[in-house]
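Reviewing the structure listed below.
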Amino acid sequence: MTVFSSGSPSPANPAGPAGPAASKASARRLVYPFTALVGQERMRTALVLNAVCPAIGGVLVRGQKGTAKSTAVRGLAALLPEIEVVGGCAFGCDPDGVLCDACRARADAGERLPRARRVTRVVDMPLGATEDRVAGTLDLEHAVRLGRRVLQPGLLALAHRAILYVDEVNLLHDHIVDLVLDAAATGINVVEREGVSAAHPAAFILVGTMNPEEGELRPQLLDRFGLCVEVAAPTDVDTRMEVVRLRDAFERDPVAFARHWEPEQERLRAAIVQARRILPLVRMPEDLQRKGCELCLEANVAGHRADVTLRRAARALAALADRQEVRLEDVLLAAELVLASRARPAPPPPPEQDEPEPDEEHEHEEQQEQDESEEEQPQEEHPEDERPREEQRGQGAEPEEREAEERDEPQENEGEEQAPPRAARETVFDVGEPFRVRDVPLARDRVPRTGPGKRTRSRTPLKAGRYVRSRRDPKPSDLALDATLRAAAPHQRARAGTHPGLALAVETGDLMRKVREKRVGSCIVLAVDASGSMGAARRMVEAKGAVLSLLLDAYQKRDTVAFVAFRGQEAELLLPPTGSVELAYRHLEELPTGGRTPLSDGLSMAYQVLDARLRKDPATFPVLVLVSDGRANVASFGGKPLAEAMEVADAVREDGRIRAVVVDVEKPGLVSFGLAGELAARMGARCYKVEELRADTLVRVLREEILPE
Amino acid sequence: MRHYTYPFTAIVGQEKMKTALVLNLVDPTIGGVLIRGEKGTAKSTAVRGLALLLPEMAAVAGCRFACDPAAGDCLCPDCAARVAAGEALETERRRVRVVDLPVGSTEDRVLGTLDLEWAIKKGERRFEPGILAEANRSILYVDEVNLLDDHIVDVLLDAAAMGVNTVERESVSFSHPARFVLVGTMNPEEGELRPQLLDRFGLCVEVRGIMDLEARVELVRRRAAFEADPAGFCAAREAEERRLGERIVAARERVPSVEVCDDVLRNVAEIAIGMNVDGHRADLVMVRAARALAALEGREAATREDVKRAAEMALPHRMRKKPFQKIGLDADRVDAILGAAS
């Protein structure tokens, strides 16, 4: 239906067939030699493996800034031998491989495809890239001058047979990520947009980098990266000195530096070429294949992509060592690279071995103990534990009767933890508590918010979101070219001759703008105190009820929700921002309680999650809900526990973008500290007592006073 | 682009998913499949492989909508005009396809729109078919259907419900048949589907990673063999692929004559009532799926066992559920209902 424009991939790149990335490289000509990198063995191995076998599916590099991630990627591209392409093909088709439609038509017509050579490019995916630039779009020039619709190839086309480098991939817009993933998975980019229907090969090595502190990646995306490596700056003095020395030498005289490293470069280049050659011959013995699958099963990976990738990586490792048989060492190293990002906590029944994390152990113990107690222990030992189950649908919470015996301090709880049937009491209460929400009346009278608080940012920045349809607009700032041309098309006979030299006369009345749809709403981060004190007096039950009502509302509004729990020594991001409110619910349901209260860490993590979200999408409406009694007894930043928490609260207020709510779960009793109230004041947040905040009112508070419309 | 597709019959395990897909080939009125499951579980592979199993179909030669020459009353306007003009429609054989609906699609490409080039050159308005036209009488595949824009979902639902795509936009007014088997895949971790869209899928199956070591090893081995020599791998599988294809064709022919006796109908109704499902769509789908199952196995009548298996695929996404209740089906309850009925 549509033909591809031949020649230069895009009129915007007069640099010629090599495209912008390559032209950038040639301007600098000399990139830092890959082999001159110091340390970072894992990352280098992972990159080289992909050069040997692109089917491995790319690398995700996790780590801080300034750890030679980008240098390594560019160095790798420069190291790779030139590739053979069909001369003049916009996509750089492999003459001996899969062809694009245009090349295929030429080949089918009996033409002998001309061959040319090209260096391996690195195509950068900028964070602000728009959908049309990534996937390709309607070619303006062709359309207006010739009246023909042609795909103007995008970044995915440039990336065919190249390295697609996405710096800070965790900050990329979700809808762009989806496009990249689709192409990465199939090796083909299918374009069905803006009047163009086309498909072209897009097989690339996907290299992404991310700084985990700025937010995690969606699990779906994580799984699409074949390998994952962590990088960190080396910590020993000698290595650091070496890094500086080499870098300095390179910058002073790049030519001499490159010459010096050339033998080394050539060795690695030869090894890669040889590895590619023998890769098809590499055998993987049966027992090692079994071992590979065993490792994947042990890591409790989702699906089977890990197994397949592990095999590819192990074979590539063997090929790189110029062996035709995989050895155990290959499998083990491959497993590390493949499973790093894919391992999941084991499902409850088979307890995880050698997992040093105290929290995890704890949970398993709890789980086991819960099972035991359910079977063996007489019910009267845990009268309060059974209560919530019976009450789940009923009256909610009225804990007053048990309050006296239950009111306690964290210390007390810890004491109990050490008692012989360790943590039995606490854990049964927590884990075995299937608190389901009573039918929450979702009162949502949409009274516009008039209270205090400022909201000045525009909620939908221009040109963000997916282009779904068009509207007539005489002064469009976001022109919908395809729709405009279609609007003009039927009038062309009448306008003939009015615009000499153009195939198409477009007038103001034809102009259309893009209507974009965006799936963003609020991002609600729940920071929930899960320390021992919350287990007392059904505070957790009430807190869960309050949070759950919030989730229900988020579910209907399609908001994003993240979940931070703090207990023991640190906060844990149980759930990065997700549209799956079900997952949040599951985490809530299973959230165990116990241990000390690292309030400052919890608050700070919630803040970081929102900050990352805002960086990625400034249109997000960020909401922080802190469920706590304001008490803290673990310091995480070298200060005093409570003072630290107050400082973080100040930071949230000073940031100015985040709306916060504190749900105070402190029980009215003999001693009331009112700490949560103080914390709320420092954060610039409203503070609600959990008693006065039945589940449904939290929703109303948020909807009426906090969230936009 | 020459591109080998991993053969459907070479997929290890995932029997329920494969059955659900095949049933829709036997009887497209079952209404499609939603495949839910974690990443990397051969969801997409299965759907793509499906296309190769399908026998060719008869279509009006040159028709942009692959009209069925035998379907007198639901021809596209072009073919209808030709018939009205007394023209005899020529027939050609076409492959049934798996038509992709990419997540980034825009409305004009999904629905179809004004043909730009035609308009410029001829000064006439002509409809340019979109994805829904291509999907007529084929399979419409939406990967990551839960990530699709709400707006696109709406137009898709509309067409799926009517079997007709009606376009009123950009000075074009057109309507054409759009009957397709809707196949969607999704990873629930990325968010749920709207209940409306959920109900639109005839069947729903859950896929999980295989936890059996031997099966996993076999899976990797096959995948590796396919990658090493796709042509050889496909050739070696051809006989089995053809066998399944022939079974499907035979079942298609048998479906209309498969008997569904009153007892079996009663079972369906009892399950629908006992499982507390909304509406009647579940009943209908169960009957159709049970009939297709019987046809696939070469039987002349649907049995209670067929109904049970059909229920497992037709009900999981139709159970009236409380918020946050997991989508799924309590198979024991179905058993109990059937047991009590006997």
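Reminder, nothing fancy here: chain letters follow the sequence lines and each chain counts from 1. Everything numeric here is computed off the predicted structure, so don't read it as measured data.
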Which atoms of B:Arg223 come close to chain A, meaning under 4.5 Å heavy atom to heavy atom: side chain ones, backbone ones, both, or neither? side chain
Against chain B, work out which of A:Arg315, A:Met284, A:Arg305 has the most heavy-atom pairs shorter than 4.5 Å and name it. A:Arg305
Between B:Ile131 and chain A, with a heavy-atom cut-off of 4.5 Å, which part of the residue counts as in contact: side chain, backbone, both or neither? side chain
Heavy-atom nearest pair, A:Gln289 first then B:Val217, reads CG-CG1, 3.8 Å
Contacting moiety of A:Ala135, where chain B heavy atoms sit under 4.5 Å: neither
Taking every non-hydrogen atom, the tightest pair across B:Arg216 and A:Gly303: NH2-O, 2.9 Å
Pairs of heavy atoms under 4.5 Å with chain A: top-ranked of B:Gly130, B:Gly40, B:Gly209: B:Gly40
Separation between CD (B:Gln14) and NE2 (A:His304), nearest 0.5 Å, reads 6.0 Å
Could you check whether any side-chain heavy atom of B:Met211 comes within less than 4.5 Å of a side-chain heavy atom of A:Leu297, counting everything from C-beta outward? yes
Tell me, side chain or backbone of B:Asp229 under 4.5 Å from chain A's heavy atoms, or both, or neither? neither
Taking it one step at a time, do B:Glu214 and A:Arg290 satisfy side-chain contact (heavy atoms from CB on, under 4.5 Å)? CA-CA 8 Å; B:Glu214 295 310 316; A:Arg290 189 174 304 266; 2.2 Å; yes
Nearest 0.5 angstrom please: B:Leu219 CG to A:Arg311 CZ, how far? 11.5 Å
Please tell me if the side chains of A:Glu192 and B:Thr106 come closer than 4.5 Å, counting only heavy atoms from C-beta onward. no
Considering only heavy atoms, which portion of B:Leu101 lies under 4.5 Å from any heavy atom of chain A: side chain, backbone, both, or neither? neither
Hey, is CZ on B:Arg95 packed in by over 12 heavy atoms from elsewhere, all under 6.0 Å? yes
Is any side-chain heavy atom of A:Asp223 closer than 4.5 Å to a side-chain heavy atom of B:Glu38? no
